[in-house]
Engineer: 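Below are the structure tokens for one structure; questions will follow.
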Amino acid sequence: MKSDTRRQGIMDFLMDAGAASVDDLASRFGISRMTVHRDLDELEESGFLRKVRGGASIQPSGLFESDFRYRQKQATEEKQRLAAAAVAMVEPGQTVIIDDGSTAGGIARHLADLRPLTVISNNLAVIDDLASAGGINLIALGGQYSKKFHGFFGLLAEASLRSLRADVAFLSSSAIHGASAFHQDQEVVQSKRLMMAAATRKYLLVDHGKFGRTALHFLTDLKAFDTVFTGREPEAGMRAALDAAGVSLRVVGSSD
């Protein structure tokens, strides 16, 4: 098996398992432990996984955000609820920004019912969903494509965002600590901040598992959003901190 094919196989396995030991990978692919370590080193250097004691993981940490494909499989029912609730903030004829997140990206499939709309996004999944949709004026942000985040970032995307204005922006974040949002990647943070600056109203969509986490880079205080949508009531201490900070939190339950 060629090294590129094998490394893709390792990533495909981790997309389902989340983590694996060196021994498991050596056995599954019929290779030596040394070869597994070389493959993991290469994949870690490319930002697709993180090596942990005895193996590798694509699950998030304070310094590492998961691959888009893995995140798409997490909390899917909750993310669908959040997208269905948040799209009520959009009216026909408006301009909407959608960020790279798998949670905010779920809004795209709901937008056909609200056309005509202008949609701005760096999220390739959103771009693919809306490319053939009638009544949608789609503005795809250019820039450097990130396979890990399945979106476009860097100077070109940032320059485009500085020249655009929108009615509504929908964003996601990988970590909520106290009354602030954080993310592991500085380019992603920069794009999200520019999206916020370009929009009149801003909404954050985060599944309940993001609360109580932290990440390397501060994104923004949650009170910067008109509403924060989540799918489960935070524990009492977290909710008290959010209320004290003046955060507008909407919990979208399964019965909503």
Side-chain angles (χ1 to χ4, degrees), residues 60 62 65 71 75 78-79 81-83 85-91 94-108 118-123 126 139 141 149 151-153 157-235 237-252:
E65 172 62 312
R71 288 183 280 121
E78 181 177 354
K79 290 177 180 179
R81 279 191 277 121
L82 298 182
V87 78
M89 303 297 107
V90 180
E91 297 178 5
Q94 291 187 326
T95 298
V96 179
I97 295 177
I98 303 175
D99 80 353
D100 63 287
S102 61
T103 308
I107 287 176
T118 294
V119 178
I120 302 165
S121 187
N122 66 336
N123 186 329
V126 170
I139 300 176
L141 297 173
F149 293 110
F152 297 89
F153 302 91
E158 292 167 13
S160 296
L161 283 167
R162 289 189 178 96
S163 70
L164 295 166
R165 290 295 178 267
D167 298 292
V168 184
F170 294 106
L171 286 81
S172 305
S173 183
S174 58
I176 303 295
H177 184 73
S180 299
F182 294 81
H183 199 278
Q184 298 90 338
D185 187 278
Q186 59 184 347
E187 275 197 331
V188 174
V189 167
Q190 179 65 1
S191 291
K192 290 178 188 290
R193 286 178 176 172
L194 289 171
M195 289 177 176
M196 294 178 68
T200 302
R201 292 180 287 119
K202 298 161 278 288
Y203 300 98
L204 183 70
L205 283 67
V206 283
D207 67 77
H208 73 277
K210 302 300 191 302
F211 287 87
R213 292 185 183 177
T214 190
L216 181 61
H217 299 288
F218 170 78
L219 171 59
T220 185
D221 290 325
L222 295 182
K223 64 183 179 182
F225 295 99
D226 291 84
T227 304
V228 176
F229 291 83
T230 192
R232 187 184 299 177
E233 183 72 32
E235 63 91 13
M238 291 182 187
R239 182 61 193 252
L242 296 171
D243 290 343
V247 176
S248 174
L249 183 71
R250 178 177 171 187
V251 178
V252 183

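We're numbering straight along the sequence, starting at 1.
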Engineer: What distance separates Leu161 CG from Arg193 CZ, expressed to the nearest 0.5 Å?
Structural biologist: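 Going from the CG atom of Leu161 to the CZ atom of Arg193 covers 14.0 Å.
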
Engineer: Are any of the side-chain heavy atoms of Ser191 and Asp99 separated by less than 4.5 Å?
Structural biologist: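 A side-chain contact is absent here, since even the closest heavy-atom pair is not under 4.5 Å.
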
Engineer: Please indicate whether Gln186 has more than 12 foreign heavy atoms, meaning atoms of other residues, nucleotides or ligands, lying under 6.0 Å from its CD.
Structural biologist: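 No, the 6.0 Å shell around CD holds no more than 12 heavy atoms from other groups.
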
Engineer: Using side-chain heavy atoms (C-beta onward) and a distance below 4.5 Å, is Glu233 in contact with Phe211?
Structural biologist: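 Of all side-chain heavy-atom pairs linking Phe211 with Glu233, none is under 4.5 Å.
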
Engineer: Given the rule in the side-chain hydrogen bond (donor to acceptor under 3.5 Å, both in side chains) test, do Thr118 and Gln94 qualify, once you have shown the distances and angles that lead to the verdict?
Structural biologist: CA-CA 6 Å; Thr118 294; Gln94 291 187 326; over 6 Å; no

Engineer: So which heavy atom on Pro60 is nearest to which on Gln184, and how close?
Structural biologist: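 Heavy atoms of Pro60 and Gln184 come nearest at CB-NE2, 4.3 Å.
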
Engineer: Less than 4.5 Å apart, side chain to side chain, heavy atoms only: is that true for Arg213 and Ser174?
Structural biologist: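 No. Closest side-chain heavy atoms not under 4.5 Å.
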
Engineer: Would Ser102 and Lys79 count as having a side-chain donor-acceptor pair, cut-off 3.5 Å?
Structural biologist: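 There is such a pair between these side chains.
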
Engineer: Nearest 0.5 Å please: distance from the CZ atom of Arg232 over to the CZ atom of Arg81.
Structural biologist: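 So the CZ of Arg232 and the CZ of Arg81 are separated by 8.5 Å.
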
Engineer: Do you know which two heavy atoms are closest between Val247 and Ala179, and how far apart they sit?
Structural biologist: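 So the minimum-distance heavy-atom pair works out to CG2-CB, 4.2 Å.
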
Engineer: Would you confirm whether Ser173, through its side chain, and Phe182, through its main-chain N or O, come within 3.5 Å as a donor-acceptor pair?
Structural biologist: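 Yes; at least one donor-acceptor contact below 3.5 Å.
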
Engineer: So, Thr230 side chain and Val206 main chain: donor-acceptor pair closer than 3.5 Å or not?
Structural biologist: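 Present.
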
Engineer: For Val168 and Thr200: C-alpha separation, side-chain torsions, deciding distance, then whether side chain to side chain contact (heavy atoms under 4.5 Å, CB included) applies.
Structural biologist: CA-CA 6 Å; Val168 184; Thr200 302; over 6 Å; no

Engineer: Using a 3.5 Å distance criterion without hydrogens, assess whether the side chain of Ser121 forms a donor-acceptor pair with backbone atoms of Ile98.
Structural biologist: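 Checked: pair present.
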
Engineer: When you compare the side chain of Ile107 with that of Leu205, does any pair of heavy atoms fall below 4.5 Å?
Structural biologist: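 They are in contact (side-chain heavy atoms under 4.5 Å apart), so the answer is yes.
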
Engineer: May I have the step-by-step check of side chain to side chain contact (heavy atoms under 4.5 Å, CB included) for Asp207 and Lys210, ending in yes or no?
Structural biologist: CA-CA 6 Å; Asp207 67 77; Lys210 302 300 191 302; 2.4 Å; yes

Engineer: Mind checking whether Val119 and Ile139 have side chains closer than 4.5 Å, heavy atoms only?
Structural biologist: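 They are not in contact (no side-chain heavy atoms under 4.5 Å apart), so the answer is no.
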
Engineer: Rounded to the nearest 0.5 Å, what separation is found between the CE atom of Met195 and the CD1 atom of Ile120?
Structural biologist: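 So the gap between those two atoms works out to 8.5 Å.
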
Engineer: For residues Phe170 and Ala104, report the shortest heavy-atom separation together with the two atoms involved.
Structural biologist: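 Shortest heavy-atom separation between Phe170 and Ala104 comes out as O-CB, 3.7 Å.
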
Engineer: List the steps, then state whether side chain to side chain contact (heavy atoms under 4.5 Å, CB included) holds for Leu141 with Leu164.
Structural biologist: CA-CA 10 Å; Leu141 297 173; Leu164 295 166; 4.0 Å; yes

Engineer: What I'd like to find out is whether the side chain of Ile97 reaches to under 4.5 Å of the side chain of Met196, using heavy atoms alone.
Structural biologist: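 They are not in side-chain contact.
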
Engineer: Run the side-chain donor-acceptor check on residues 214-226: report pairs under 3.5 Å with partners two or more places apart or on a different chain.
Structural biologist:
| residue | atom | partner | partner atom | Å |
| --- | --- | --- | --- | --- |
| Asp221 | OD1 | Ser180 | OG | 3.0 |
| Asp226 | OD1 | Lys202 | N | 2.8 |

Engineer: Is there side-chain contact between Phe153 and Asp100, with heavy atoms separated by less than 4.5 Å?
Structural biologist: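 A side-chain contact under 4.5 Å exists here.
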
Engineer: Should Phe149 and Glu65 count as side-chain neighbours, where that means a heavy-atom distance under 4.5 Å?
Structural biologist: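 The answer is yes, as the side chains (C-beta and beyond) meet within the 4.5 Å cut-off.
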
Engineer: Are the side chain of Arg201 and the backbone of Met89 linked by a donor-acceptor contact shorter than 3.5 Å?
Structural biologist: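 Yes; at least one donor-acceptor contact below 3.5 Å.
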
Engineer: Quick check: closest heavy atoms across Arg165 and Thr95, and the distance to 0.1 Å?
Structural biologist: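 Minimum heavy-atom contact is O-CG2, 3.8 Å.
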
Engineer: Could you tell me whether the side chain of Glu78 and the main chain of His208 form a donor-acceptor pair under 3.5 Å?
Structural biologist: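 Such a contact is found between Glu78 side chain and His208 backbone.
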
Engineer: Rounded to the nearest 0.5 Å, what's the gap from CG on Leu171 to NZ on Lys192? Could you check?
Structural biologist: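 Separation between the atoms: 5.5 Å.
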
